[in-house]
Student: 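Pasting in a structure now, in structure tokens, and then I'll have a few things to ask.
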Amino acid sequence: MNKVNIAEKLSLFSDYWNPRIVGELNGQQVKLVILKGEFVWHKHDHEDEMFYVLNGMLQMEFRDKTVIVQPGEFIIVPRGIEHRPVANDEVALMLFEPAGTINTGDAQSELTRTILDSI
């Protein structure tokens, strides 16, 4: 039962699009990630995802619209919905996802991370 200092954990990052696990509860993982640029279009057939913006402005693109998510806001992407996160400038996120969720879902790319570090 230790507290987690989010700013301290984020200071350990030196790369983009590489989530780290900072906590686990009830089969869910709490992850931190820093984004910059465009991610790949993808979907998750079996998992919903929650993106909570800590710093920066996230653009969550869907095939029919783009949702802007500001610091202190979050968006839940339901399973099966194709989406693409975009960060024109650096964005820090906290993610809540079922354990084992692959960041690129049904798409394989150089950004796919199948094994995540815990920090």
Side-chain angles (χ1 to χ4, degrees):
M1 294 191 311
N2 295 317
K3 66 181 180 178
V4 175
N5 184 307
I6 294 169
E8 179 182 292
K9 298 294 186 184
L10 287 172
S11 74
L12 301 173
F13 283 73
S14 61
D15 55 2
Y16 299 120
W17 305 108
N18 189 8
R20 272 51 162 229
I21 300 166
V22 293
E24 297 192 45
L25 66 157
N26 301 318
Q28 300 282 313
Q29 291 178 325
V30 180
K31 302 173 185 175
L32 296 177
V33 64
I34 298 178
L35 318 179
K36 189 168 184 185
E38 297 178 346
F39 203 53
V40 296
W41 282 102
H42 69 285
K43 64 182 172 61
H44 301 271
D45 291 327
H46 306 289
E47 303 94 6
D48 302 325
E49 293 181 289
M50 180 178 153
F51 297 79
Y52 178 77
V53 177
L54 301 166
N55 300 306
M57 183 188 74
L58 174 68
Q59 297 173 67
M60 185 60 74
E61 293 184 348
F62 300 97
R63 290 297 184 181
D64 62 341
K65 66 180 178 178
T66 298
V67 177
I68 304 299
V69 189
Q70 301 283 355
E73 299 177 333
F74 67 84
I75 186 168
I76 296 173
V77 178
R79 66 194 76 187
I81 301 296
E82 197 172 22
H83 59 287
R84 178 174 74 159
V86 175
N88 290 330
D89 296 307
E90 205 171 83
V91 174
L93 297 178
M94 180 181 290
L95 308 171
F96 292 92
E97 306 173 321
T101 299
I102 303 298
N103 64 332
T104 56
D106 64 340
Q108 292 293 313
S109 82
E110 66 278 358
L111 298 174
T112 300
R113 302 289 182 262
T114 56
I115 298 173
L116 303 182
D117 292 332
S118 292
I119 57 172

Student: Hey, what do you get for CG (L35) to CG (L93), rounding to the nearest 0.5 Å?
Tutor: 4.5 Å

Student: Given a cutoff of under 4.5 Å between side-chain heavy atoms of I, L, V, M, F, W and Y, with clusters grown through shared members, what are the other residues clustered with V86?
Tutor: none

Student: Measure the shortest side-chain to side-chain distance between Q29 and T101 over non-hydrogen atoms and say whether it is less than 4.5 angstrom.
Tutor: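 Side chain of Q29 against side chain of T101, heavy atoms only: no contact under 4.5 Å found.
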
Student: What pairs meet the ring-ring contact (aromatic ring centres under 6.0 Å, His included) rule with one or both residues in residues 92-119, with sequence neighbours excluded?
Tutor: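 Residue pairs with at least one partner in residues 92-119: there are none.
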
Student: Considering residues at least two apart in sequence or located in another chain, which fulfil the side-chain hydrogen bond (donor to acceptor under 3.5 Å, both in side chains) criterion with R84?
Tutor: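 With neighbours one apart ignored, the set is E38, E61.
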
Student: Below 3.5 Å, can you tabulate the donor-acceptor pairs from side chains in residues 50-57 to any protein atom, sequence neighbours excluded?
Tutor:
none

Student: Drop me the distance from M60's CE to L58's CG, to the nearest 0.5 angstrom.
Tutor: 5.0 Å

Student: Could you tell me which residues satisfy side-chain hydrogen bond (donor to acceptor under 3.5 Å, both in side chains) with E82, sequence neighbours excluded, listed by chain and number?
Tutor: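 side-chain hydrogen bond (donor to acceptor under 3.5 Å, both in side chains) list for E82, sorted by chain: R63.
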
Student: Taking salt bridge (Lys or Arg N to Asp or Glu O under 4.0 Å) as the cut-off, I'd like each qualifying pair that reaches into residues 89-98, sequence neighbours left out, listed once.
Tutor: K31-E97

Student: Could you report the tightest heavy-atom contact between P78 and I76, atom names first, then the distance?
Tutor: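 Distance-wise, the nearest heavy atoms are CD-O, 3.4 Å.
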
Student: Could you give all pairs that pass the salt bridge (Lys or Arg N to Asp or Glu O under 4.0 Å) test and reach residues 64-80, with sequence neighbours left out?
Tutor: D48-R79

Student: Show me the pairs that pass ring-ring contact (aromatic ring centres under 6.0 Å, His included) and involve residues 66-88, at least two apart or across chains.
Tutor: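 Counting only pairs at least two positions apart or across chains, the ring-ring contact (aromatic ring centres under 6.0 Å, His included) contacts touching residues 66-88 are H42-H83, H44-H83.
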
Student: Please list all pairs meeting ring-ring contact (aromatic ring centres under 6.0 Å, His included) that have one or both residues in residues 9-28, counting only residues at least two apart or in different chains.
Tutor: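 The answer is W17-F39.
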
Student: Please report the shortest heavy-atom distance between K43 and G80, naming the atom on each side.
Tutor: CD-O, 3.7 Å

Student: Can you tell me which residue pairs pass the ring-ring contact (aromatic ring centres under 6.0 Å, His included) test with a partner in residues 19-38, sequence neighbours excluded?
Tutor: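 ring-ring contact (aromatic ring centres under 6.0 Å, His included) check on residues 19-38 returns no pairs.
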
Student: Under the salt bridge (Lys or Arg N to Asp or Glu O under 4.0 Å) rule, what pairs show up with a residue in residues 12-23, not counting sequence neighbours?
Tutor: D15-R20

Student: Share the residues that join W41 in a hydrophobic cluster, the rule being Ile, Leu, Val, Met, Phe, Trp or Tyr side chains under 4.5 Å apart at the heavy-atom level.
Tutor: none

Student: Return the CG to CG distance between L32 and L95, rounded to the nearest 0.5 Å.
Tutor: 8.0 Å

Student: V33, V67: one ILVMFWY side-chain cluster at the under-4.5 Å cut-off?
Tutor: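 Hydrophobic grouping puts V33 with V67.
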
Student: Is there a continuous path of hydrophobic side-chain contacts, each under 4.5 Å between heavy atoms, that joins I68 to I81?
Tutor: no

